[in-house]
Amino acid sequence: MAEMYIRVAEEENEEPMEIPSEDDGTVLLSTVAAQFPGACGLRYRSPVSQCMRGVRLVDGILHAPENGWGNLVYVVNYPKDNKRKMDEIDASSATKIKRGDQKTSDLIVLGLPWKTSEQDLKDYFSTFGEVIMVQVKRDVKTGNSKGFGFVRFTEWESQGKVMSQRHMIDGRWCDCKLPNSKQGPDEPMRSRKVFVGRCTEDMTTDELRQFFMQYGEVTDVFIPKPFRAFAFVTFADDQVAASLCGEDLIIKGISVHISNAEPKHNNTRQMMERAGRFGNGFGVGGFGERVNESC
DNA sequence: GTTGAGCGTT
C-alpha cells in the first residue's frame with residue numbers, strides 16, 4: 001500500500017496534522033502519541049450518524065473505520081478525555097520528584113585533621129553555599145576530635161558540589177559523603193510515631209512539641225529518663241510521621257535524625273514477639289512496650 | 001600528650 005496519512009487534530013475544529021499510517025493501513029497509537037503526547041486513542045464524527053465514534057484500538061494498533069480512513073479529521077483522545085488533567089498529573093509528579101530529590105541532608109566529613117574546629121569547617125564549606133550546621137565529633141572525655149564531622153547546606157546544589165569532589169582542609173584531603181544512616185531505602189511504615197535520634201539533654205518535651213507542631217498535630221512527646229539522646233514524637237496523622245522519616249531536622253542548632261519508631265534490632269525473641277504476637281507483648285524491658293503501643 | 005579507617009551517645 002502506498003504511503004498514506006490520516007488527519008489528526010487535538011480538537012474537532014483545530015488545524016489537523018497528518019500522521020503516517022502503516023503498510024497495512026493501520027495507524028499505530030505510538031505514532032499518534034509521538035505528535036500528541038499522552039494520547040490514548042482517536043475518535044471521529046460519523047458522517048452518517050453525526051455522532052462521535054471511537055476508532056477501534058487493539059494492542060496499540062488503530063484500525064480504520066469500515067470505509068477506510070478517508071479524509072475525516074480524527075480527534076485525539078486523552079485519558080479521562082481531559083488533557084489538562086494529564087498535564088497537572090505530570091506537573092505534580094514532577095514537583096514531587098523534585099522535592100524528594102532536593103531535600104538536603106547532613107554530609108559526613110571524613111579525614112579531618114585533629115586540629116580542625118567547627119569554625120574552620122564552617123569557614124571552609126561556606127565557600128560552597130550557605131552552611132546551616134557543622135559538627136566536629138569529639139571524644140567526650142578528652143575533647144579531642146575524632147577526625148570526622150558533619151556539615152549541612154541550605155541548598156541541594158551546594159551539597160551536590162561538595163559531594164562531587166575531595167577537599168583540602170587544613171592540609172589534609174577529606175571526603176564528604178552521605179552518612180550510612182541515610183543510605184539504603186527508608187522502610188515504609190504506618191506508624192504515627194517517629195524516633196528522634198541525636199537529641200541533646202537540654203531539649204525539653206515542650207520544645208520538641210513546639211518544634212514538631214509545624215509539621216502537624218503532635219499528640220505525644222516522650223523523652224526517656226535518664227537521658228538517652230533520643231525521643232519519640234507521635235503525630236495525629238500517620239502521613240505526617242511517614243513524611244518525616246529519614247529526614248535530618250535541626251532543633252536548636254542540633255541535627256536530629258528522624259526514623260521509624262519501630263526499634264531496629266535483630267533480637268530473635270523480640271522479632272518473634274512482634275511478628276507472631278507471642279507472649280503478652282510485655283516484659284520486653286526498657287521502653288520496648290512504649291514503642292509498640294499505639295503504633 | 002599517641003591515631004587516619006570510619007559513621008552521628010537508639
Side-chain angles (χ1 to χ4, degrees), chain A residues 103-118 120-122 125 131-153 159 162-163 166-187 189 191 193-205 208 212 220-234 241 244-267 269-271 274 284-293 295:
Chain A
K103 268 174 203 155
T104 63
S105 58
D106 297 356
L107 298 179
I108 187 165
V109 188
L110 270 354
L112 289 175
W114 313 117
K115 53 172 273 213
T116 299
S117 68
E118 307 205 335
D120 295 333
L121 272 192
K122 179 148 194 180
F125 284 115
V131 172
I132 49 177
M133 192 268 326
V134 286
Q135 289 178 341
V136 171
K137 288 302 168 190
R138 298 171 186 283
D139 185 289
V140 283
K141 290 160 83 171
T142 67
N144 292 333
S145 167
K146 289 180 176 172
F148 71 95
F150 294 87
V151 61
R152 175 83 168 268
F153 291 92
Q159 170 169 335
V162 163
M163 276 192 294
R166 300 245 286 157
H167 302 272
M168 177 58 73
I169 301 176
D170 290 339
R172 272 184 61 91
W173 284 109
C174 303
D175 293 302
C176 295
K177 314 183 200 172
L178 286 178
N180 288 161
S181 58
K182 295 218 71 66
Q183 290 172 175
D186 284 326
E187 64 275 59
M189 63 145 200
S191 175
K193 183 185 296 189
V194 294
F195 179 92
V196 185
R198 307 199 299 264
C199 288
T200 52
E201 195 157 16
D202 63 320
M203 291 179 188
T204 67
T205 54
L208 291 184
F212 283 100
D220 187 51
V221 175
F222 176 72
I223 300 178
K225 303 279 175 4
F227 177 63
R228 297 246 253 147
F230 63 89
F232 290 106
V233 173
T234 307
L244 292 178
C245 278
E247 296 236 26
D248 292 315
L249 304 176
I250 293 170
I251 305 177
K252 299 171 77 175
I254 302 296
S255 172
V256 300
H257 186 70
I258 313 301
S259 60
N260 195 322
E262 288 287 333
K264 302 178 181 130
H265 51 54
N266 29 28
N267 179 307
R269 185 173 63 92
Q270 292 186 9
M271 283 173 65
R274 242 209 351 277
V284 174
F287 53 88
E289 51 274 37
R290 266 200 84 95
V291 175
N292 286 330
E293 92 188 1
C295 269

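Labels below follow one simple rule: chain letters A, B, ... track the order of the sequence lines, proteins then strands, and each chain is numbered from 1. Both backbone and side-chain heavy atoms feed into the values below; hydrogens, waters and symmetry mates do not.
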In whole angstrom, what separates [X]'s [atom1] from [N]'s [atom2]?
X: I223(A); N: dT10(B); atom1: CD1; atom2: C1'; value: 14 Å
X: K193(A); N: dT10(B); atom1: NZ; atom2: C1'; value: 14 Å
X: K177(A); N: dG6(B); atom1: NZ; atom2: C1'; value: 8 Å
X: E201(A); N: dT9(B); atom1: CD; atom2: P; value: 14 Å
X: W173(A); N: dG6(B); atom1: CH2; atom2: P; value: 20 Å
X: I250(A); N: dG8(B); atom1: CD1; atom2: P; value: 18 Å
X: Q135(A); N: dC7(B); atom1: CD; atom2: P; value: 16 Å
X: I108(A); N: dC7(B); atom1: CD1; atom2: P; value: 8 Å

Taking side-chain contact (heavy atoms from CB on, under 4.5 Å) as the test, write out the residues that go with I108(A), two or more places apart.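 Applying side-chain contact (heavy atoms from CB on, under 4.5 Å) to I108(A) gives L110(A), F148(A), F150(A), K177(A), P179(A).
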
Measure distances between side-chain N and O atoms of D106(A) and base N and O atoms of dG8(B), and say whether any donor-acceptor pair falls under 3.5 Å.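 Indeed, a donor on one side and an acceptor on the other fall under 3.5 Å apart.
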
Taking only residues two or more places apart in sequence or in another chain, which ones pass salt bridge (Lys or Arg N to Asp or Glu O under 4.0 Å) with [X]?
X: K252(A); result: D202(A), E207(A)
X: R198(A); result: D106(A), D248(A)
X: D170(A); result: none

The side chain of K137(A) is closest to which nucleotide in this list: dT10(B), dC7(B), dG8(B)?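 Out of dT10(B), dC7(B), dG8(B), the nucleotide with an atom closest to K137(A)'s side chain is dG8(B).
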
Aromatic contact, H167(A) with F125(A) (centres under 6.0 Å):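 For H167(A) and F125(A), the ring centres are under 6.0 Å apart.
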
Tabulated below should be each protein N or O lying under 3.5 Å from an N or O of nucleotides 1-5 of chain B; please produce it.
residue : atom : partner : partner atom : Å
dG4(B)  : O6   : W114(A) : NE1          : 3.0
dG4(B)  : N1   : L112(A) : O            : 2.5
dG4(B)  : N2   : L112(A) : N            : 3.4
dG4(B)  : N2   : L112(A) : O            : 3.1
dG4(B)  : N2   : G147(A) : O            : 2.9

Taking only residues two or more places apart in sequence or in another chain, which ones pass side-chain hydrogen bond (donor to acceptor under 3.5 Å, both in side chains) with S117(A)?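 Result, side-chain hydrogen bond (donor to acceptor under 3.5 Å, both in side chains) vs S117(A): D120(A).
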
